[in-house]
Each structure stands twice: as C-alpha cells, then as structure tokens.
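Working notes, structure below.
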Amino acid sequence: MQERYLGRIEPDMDVCDINGDKLGTVAHVYRYDLATVGTADSGTQPPHEEVIEVKTGLLGLGKHFYLPMSTVQEVTQGCVFLSKPADEVKGTEAWQQRPPYLDELH
C-alpha cells in the first residue's frame with residue numbers, strides 16, 4: 001500500500017495527523033534506488049523502510065520527524081495524512097532522530 005503513495009509525496013506538502021490537524025510539511029522523502037535493491041515483484045526487499053522527513057515550526061525551524069512510510073494513510077494533491085495522532089508522532093522518540101541509514105537513500 002505504501003508504494004502507491006511514495007511517488008506522489010513531494011517536498012513542501014502539508015503533513016496532517018489522523019484527525020486532520022497539521023503537523024508540519026514534507027522536508028524530504030528518502031527513497032531507495034530501485035536499480036540497486038530491486039522491487040517487491042522481484043523478491044528483493046529494501047533493508048529499511050523508506051522515510052518522510054517532516055519539518056515543523058515557523059519556516060521549518062522547529063523539530064524534524066523521520067516517519068516511516070507505514071505511517072502514511074492517504075495522500076491527496078496537497079497533503080499527506082498520517083494514520084497516527086500528532087501526540088503519538090511527537091511522543092515516539094525513534095521518529096525524532098535521523099536514522100543513520102538515510103545517507104544510503106536518495
């Protein structure tokens with residue numbers, strides 16, 4: 001399911017929680033190069049889940065969250081809707097730290 005959204009998510013799109021409340025905006029989408037890892041159809045799975053970096057605060061100067069694609073519920077023309085409430089996103093420590101493997105992704 002997440003693969004259908006990945007290509008539609010772009011920087012500066014709004015990111016809203018499950019209740020429709022704005023959490024921030026997309027700063028970056030970390031994707032695997034399919035030429036090097038293959039596709040789900042080929043039986044080769046990426047070593048880590050792809051990530052959306054979300055910036056918060058005025059002009060993006062607040063916290064940054066690194067959300068796995070599995071947290072995306074829906075993507076519309078201008079907004080990414082998460083399957084989690086904002087409190088859960090803000091309270092999940094792992095999502096507040098940049099995963100070290102992101103340097104491998106494009």
Side-chain angles (χ1 to χ4, degrees):
M1 180 161 92
Q2 67 189 0
E3 292 170 5
R4 73 176 189 210
Y5 298 130
L6 194 57
R8 296 173 34 198
I9 300 173
E10 298 179 6
D12 298 322
M13 290 178 77
D14 288 342
V15 177
C16 296
D17 72 355
I18 194 167
N19 301 312
D21 297 324
K22 184 175 175 182
L23 180 66
T25 57
V26 175
H28 192 84
V29 180
Y30 295 93
R31 299 175 168 109
Y32 280 100
D33 180 359
L34 293 180
T36 59
V37 296
T39 63
D41 294 339
S42 69
T44 306
Q45 295 294 325
H48 300 283
E49 190 168 359
E50 293 170 310
V51 172
I52 303 168
E53 181 179 353
V54 177
K55 59 186 175 182
T56 66
L58 186 62
L59 301 174
L61 299 175
K63 286 186 172 189
H64 283 232
F65 296 102
Y66 299 89
L67 304 176
M69 280 300 297
S70 61
T71 63
V72 174
Q73 179 175 330
E74 183 67 53
V75 177
T76 63
Q77 186 172 359
C79 190
V80 177
F81 289 93
L82 304 176
S83 61
K84 310 285 183 195
D87 290 343
E88 184 176 339
V89 172
K90 293 175 183 176
T92 303
E93 190 173 321
W95 294 343
Q96 297 177 31
Q97 300 173 11
R98 179 184 166 89
Y101 66 86
L102 291 185
D103 294 331
E104 302 168 11
L105 301 178
H106 301 288

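Please read these numbers as outputs of a predicted model, since none were measured by experiment.
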- Donor-acceptor contact below 3.5 Å, side chain E49 vs main chain M69: yes
- Working to the nearest 0.5 Å, report the span between CZ of R31 and CD1 of I52. 9.0 Å
- Query: Who passes side chain to side chain contact (heavy atoms under 4.5 Å, CB included) against P11, sequence neighbours left out?
  - Reply: none
Pairs under 3.5 angstrom only: tabulate donor-acceptor contacts from the side chains of residues 81-93 to other protein residues two or more places apart or in another chain.
| from | atom 1 | to | atom 2 | distance (Å) |
| --- | --- | --- | --- | --- |
| S83 | OG | T71 | O | 3.2 |
| T92 | OG1 | E88 | O | 2.6 |

- Message: Using modelled atom types and a 3.5 Å cut-off, is there a donor and acceptor pairing between side-chain atoms of N19 and backbone atoms of D21?
- Response: no
- Which is it for E53 and Y66 under the side-chain contact (heavy atoms from CB on, under 4.5 Å) test, yes or no, and what are the steps along the way? CA-CA 5 Å; E53 181 179 353; Y66 299 89; 3.4 Å; yes
- Start with the C-alpha distance between R98 and H64, add both sets of side-chain angles, then the distance that settles side-chain contact (heavy atoms from CB on, under 4.5 Å), and finish with yes or no. CA-CA 8 Å; R98 179 184 166 89; H64 283 232; over 6 Å; no
- Kindly write out the residues that satisfy side chain to side chain contact (heavy atoms under 4.5 Å, CB included) with D12, not counting sequence neighbours, or none if the list is empty. K55
- Looking at T25, T56, V26, V72, which one forms a side chain to side chain contact (heavy atoms under 4.5 Å, CB included) with V15? V26
- Any residue meeting side chain to side chain donor-acceptor pair (under 3.5 Å) with D14, in chain and number order, not counting sequence neighbours: K22
- Establish whether V54 and I18 are linked, either directly or via other cluster members, by ILVMFWY side-chain heavy-atom contacts under 4.5 Å. no
- pair L102-H28: side-chain heavy atoms closer than 4.5 Å: no
- Query: What's the shortest heavy-atom distance between M13 and V75, and which atoms?
  - Reply: CE-CG1, 3.9 Å
